[in-house]
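Contents: one structure, followed by commentary.
In this chain, residues are counted from 1 in sequence order.
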Amino acid sequence: MTQDLTPTNDPAEIRSLPFPFNQQTFCRYEPIEQRIEEARVLVIDNLLRDERDLSMVAREEWGDALAIQMRRERHIAGMAIENILDNISRLVKRPTTEVAHLSEVTRAAESFKPDAIVLSGTLRDFDYYEQTILDEFGEFIRNTRIPVLAICGGHQLVGMSFGARVVTLDKLEQHEQREDRRQEYQYRYIRITEPDDPIFKNIACVDPENPDSQPERARILHVWQNHGLQLDRVPEGFDLLATSYLCRNQMMVKRSGGQLIYTVQFHLEKSFEDWNKSRTRWEHPNESRDGRILFENFLILATS
């Protein structure tokens, strides 16, 4: 006797499926309302800028390919910064933004006087960076009182600055596994460990068997991943906010010493990259909804 594997549209059978296949927490598209009146946001480009930023390790390993690698670095940097700026412009009614390089963060923060700082992701291993750039950033991030949101490689930079190590997903040192690394890539589910933190406001789920019921605080995030490195621990002074089976430290926060620093291993800024691919006037596709809400919540906290 053969088993019928034809897909079903029977609601009763759909409800019997395991999470996340049994959930429909929101519509395919939803409207976006700009709830933040104004914000001054300093966006930091964390990618390598030119040869001045390179360590001897990078120069030796790239050799004759250095110019090609740097062109790729700046191409990726352009896309990363554009995605961050798109989020800010779509979430804030009257945004004022400035972009500065990682090596200029202290000067830029002093002159621009932002309400918030957003740190971009990175592309290369950190031993490719000139050490003075990392040291100066570490001094800045340990002392700033400006609210900070750090994304992917920015999350790792912050962790390093507070004593954590950056290792591969196989827990090897960066130089031990340059090629063929295990990766977290594309949309993945991660588990929220502190659902009462205000960064998770409005991230809720509805009981699929009772869609009219009051939404509950979500325990799962659906976010875009693209990384092969991770922090080996949660640094002292930080609290873990989200985790996954492959990368324990997916999200953390520091709320002590007059600081507010949120860091995420995933790419919450991909939100409006998705929107731009299928642009409508008011609506936003739900694949990256959680990232958009986290970004918005951070800006609200930073400007309150």
Are Val166 and Leu169 connected in a single hydrophobic cluster, I mean Ile/Leu/Val/Met/Phe/Trp/Tyr linked by side-chain heavy atoms less than 4.5 Å apart?
-> no
Does atom CG of Asp180 have more than 12 heavy-atom neighbours from other groups under 6.0 Å away?
-> no
Taking ring pair (Phe, Tyr, Trp, His ring centres under 6.0 Å) as the test, write out the residues that go with Phe137, two or more places apart.
-> none
Does any N or O in the side chain of Glu104 come within less than 3.5 Å of the main-chain N or O of His101, such that one atom is a donor and the other an acceptor?
-> yes
Pairs in or reaching into residues 294-304: which pass side chain to side chain donor-acceptor pair (under 3.5 Å), with residues at least two apart or in two chains?
-> Arg35-Glu296
State, with a plain yes or no, whether a side-chain heavy atom of Phe266 is found less than 4.5 Å away from one of Leu221.
-> yes
Are more than 12 heavy atoms from other residues, nucleotides or ligands located less than 6.0 Å from atom CZ of Arg40?
-> yes
Looking only at heavy atoms, which two atoms of Gly121 and Asn46 are closest? And how far apart?
-> O-CB, 3.5 Å
Donor-acceptor pair between Gln250 and Ser244 side chains, under 3.5 angstrom | yes
Side-chain contact test, heavy atoms from C-beta onward, threshold under 4.5 Å: evaluate it for Ile44 versus Ile117 and give yes or no.
-> yes
Under 3.5 Å, side chain of Arg255 to main-chain N/O of Ile261, donor-acceptor pair present?
-> no
Would you call Lys270-Asp86 a salt bridge at under 4.0 Å N-O?
-> no
Interatomic distance, Glu61 atom CD to Asp125 atom CG [nearest 0.5 angstrom] = 8.5 Å
Parallel, tilted or perpendicular: ring planes of Trp62 versus Tyr128, cut at 30 and 60 degrees | perpendicular
Is there a path of hydrophobic side-chain contacts, each under 4.5 Å between heavy atoms of I, L, V, M, F, W or Y residues, that connects Tyr129 with Val57?
-> yes
Is a salt bridge present between Asp196 and Lys201, judged by a nitrogen-to-oxygen distance below 4.0 Å?
-> no
To the nearest 0.5 Å, how far apart are CD in Gln183 and OG1 in Thr168?
-> 10.0 Å
Phe162 meets the ring pair (Phe, Tyr, Trp, His ring centres under 6.0 Å) criterion, sequence neighbours left out, with Phe238
Residue list, side-chain hydrogen bond (donor to acceptor under 3.5 Å, both in side chains) with Glu194, at least two apart or on another chain = none
Please examine the side chains of Val92 and Gln34, heavy atoms only from C-beta on, and report whether any two atoms are closer than 4.5 Å.
-> no
Side chain to side chain, Val41 and Pro114, heavy atoms closer than 4.5 Å = no
State, yes or no, whether a side-chain contact exists between Ile68 and Arg71 at a heavy-atom distance under 4.5 Å.
-> yes
Rounded to the nearest 0.5 Å, how far does CG of Asp45 lie from CG of Leu48?
-> 9.0 Å
Between Arg182 and Asp170, is the closest basic N to carboxylate O distance under 4.0 Å?
-> yes
Using side-chain hydrogen bond (donor to acceptor under 3.5 Å, both in side chains) as the criterion, list what pairs up with Gln131, not counting sequence neighbours.
-> Asp135
Could you tell me whether a side-chain N or O of His267 sits under 3.5 Å from a main-chain N or O of Glu269, the two making a donor and an acceptor?
-> no
Met251-Val167 co-clustered via ILVMFWY side chain contacts under 4.5 Å | no
Is Arg94 paired with Glu37 through a side-chain N to carboxylate O contact shorter than 4.0 Å?
-> yes
Decide yes or no for His75 and Glu73: does some side-chain heavy atom of the first lie under 4.5 Å from some side-chain heavy atom of the second?
-> no
Determine yes or no for a side-chain-to-main-chain donor-acceptor pair under 3.5 angstrom, with Asp290 supplying the side chain and His222 the backbone.
-> yes
Classify the side-chain pair Glu173/His175 by whether it contains a donor and acceptor separated by less than 3.5 Å.
-> no
Inter- and intrachain pairs under salt bridge (Lys or Arg N to Asp or Glu O under 4.0 Å), touching residues 227-237, at least two apart | Arg165-Asp232
Identify whether Ile32 and Ile203 are in the same connected component of the hydrophobic contact network (ILVMFWY, side-chain heavy atoms under 4.5 Å).
-> yes
Quick one: does Arg188's side chain have a donor or acceptor within less than 3.5 Å of a partner on Tyr185's backbone?
-> yes
By side-chain hydrogen bond (donor to acceptor under 3.5 Å, both in side chains), Asp197 pairs with (sequence neighbours left out) Tyr262
Check whether any side-chain heavy atom of Arg181 sits under 4.5 Å from a side-chain heavy atom of Leu172, and report yes or no.
-> no
Could you list the residues that satisfy ring pair (Phe, Tyr, Trp, His ring centres under 6.0 Å) with Phe298, not counting sequence neighbours?
-> none
Work out which heavy atom in Thr122 is nearest to a heavy atom in Leu47; give both atom names and the distance.
-> CA-CG, 4.1 Å
Tell me, with the steps shown, if Lys93 and Glu38 meet salt bridge (charged side-chain N to carboxylate O under 4.0 Å, His left out).
-> CA-CA 6 Å; Lys93 292 179 181 178; Glu38 58 184 344; over 6 Å; no
Partners meeting salt bridge (charged side-chain N to carboxylate O under 4.0 Å, His left out) with Asp53 (sequence neighbours left out) | Arg49
For residues 144-157, dump all side-chain donor-acceptor pairs below 3.5 Å to protein atoms at least two apart in sequence or in another chain.
residue : atom : partner : partner atom : Å
Thr144  : OG1  : Ile146  : N            : 3.1
Arg145  : NE   : Gly257  : O            : 3.1
Arg145  : NH1  : Asn143  : O            : 2.7
Arg145  : NH2  : Gly257  : O            : 3.3
His155  : ND1  : Thr263  : OG1          : 2.7
His155  : NE2  : Asn249  : O            : 3.3
Gln156  : NE2  : Leu229  : O            : 3.2
Gln156  : NE2  : Gln265  : OE1          : 3.1

Compare every heavy atom of Met252 with every heavy atom of Pro235, then report the nearest pair and how far apart it is.
-> CD-SD, 3.5 Å
Got a second to check how far Arg52's CZ is from Ile133's CD1, nearest 0.5 Å?
-> 8.5 Å
Check the side chains of Gln259 and Lys254 for a donor-acceptor pair under 3.5 angstrom, ignoring hydrogens and angles.
-> yes
So, does Ser55 use its side chain to make a donor-acceptor pair with the main chain of Asp127 at under 3.5 Å?
-> yes
According to a 4.5 Å side-chain heavy-atom criterion applied to Ile, Leu, Val, Met, Phe, Trp and Tyr, with indirect links allowed, do Ile300 and Phe295 form part of one hydrophobic cluster?
-> yes
Under the ring pair (Phe, Tyr, Trp, His ring centres under 6.0 Å) rule, collect the residues that match up with Phe112, sequence neighbours excluded.
-> none
Sidechain-backbone polar pair: Arg292 side chain, Asn87 backbone, donor-acceptor under 3.5 Å | no
Mind checking side-chain hydrogen bond (donor to acceptor under 3.5 Å, both in side chains) for Asp64 and listing every partner two or more places apart, or none if nothing turns up?
-> none
If you measure from CG on Leu119 to CD1 on Ile84, what distance do you get to the nearest 0.5 Å?
-> 8.5 Å
Answer yes or no: is there a side-chain heavy-atom contact under 4.5 Å between Ile192 and Leu241?
-> no
For Leu54 and Met70, which heavy atoms make the closest approach, and how far apart are they?
-> CD2-SD, 4.0 Å
Can you name the nearest heavy-atom pair linking Gln230 to Arg248, along with the distance?
-> OE1-N, 4.0 Å
For the residue pair Ser256 and Gly237, what are the closest heavy atoms and their distance?
-> OG-O, 3.8 Å
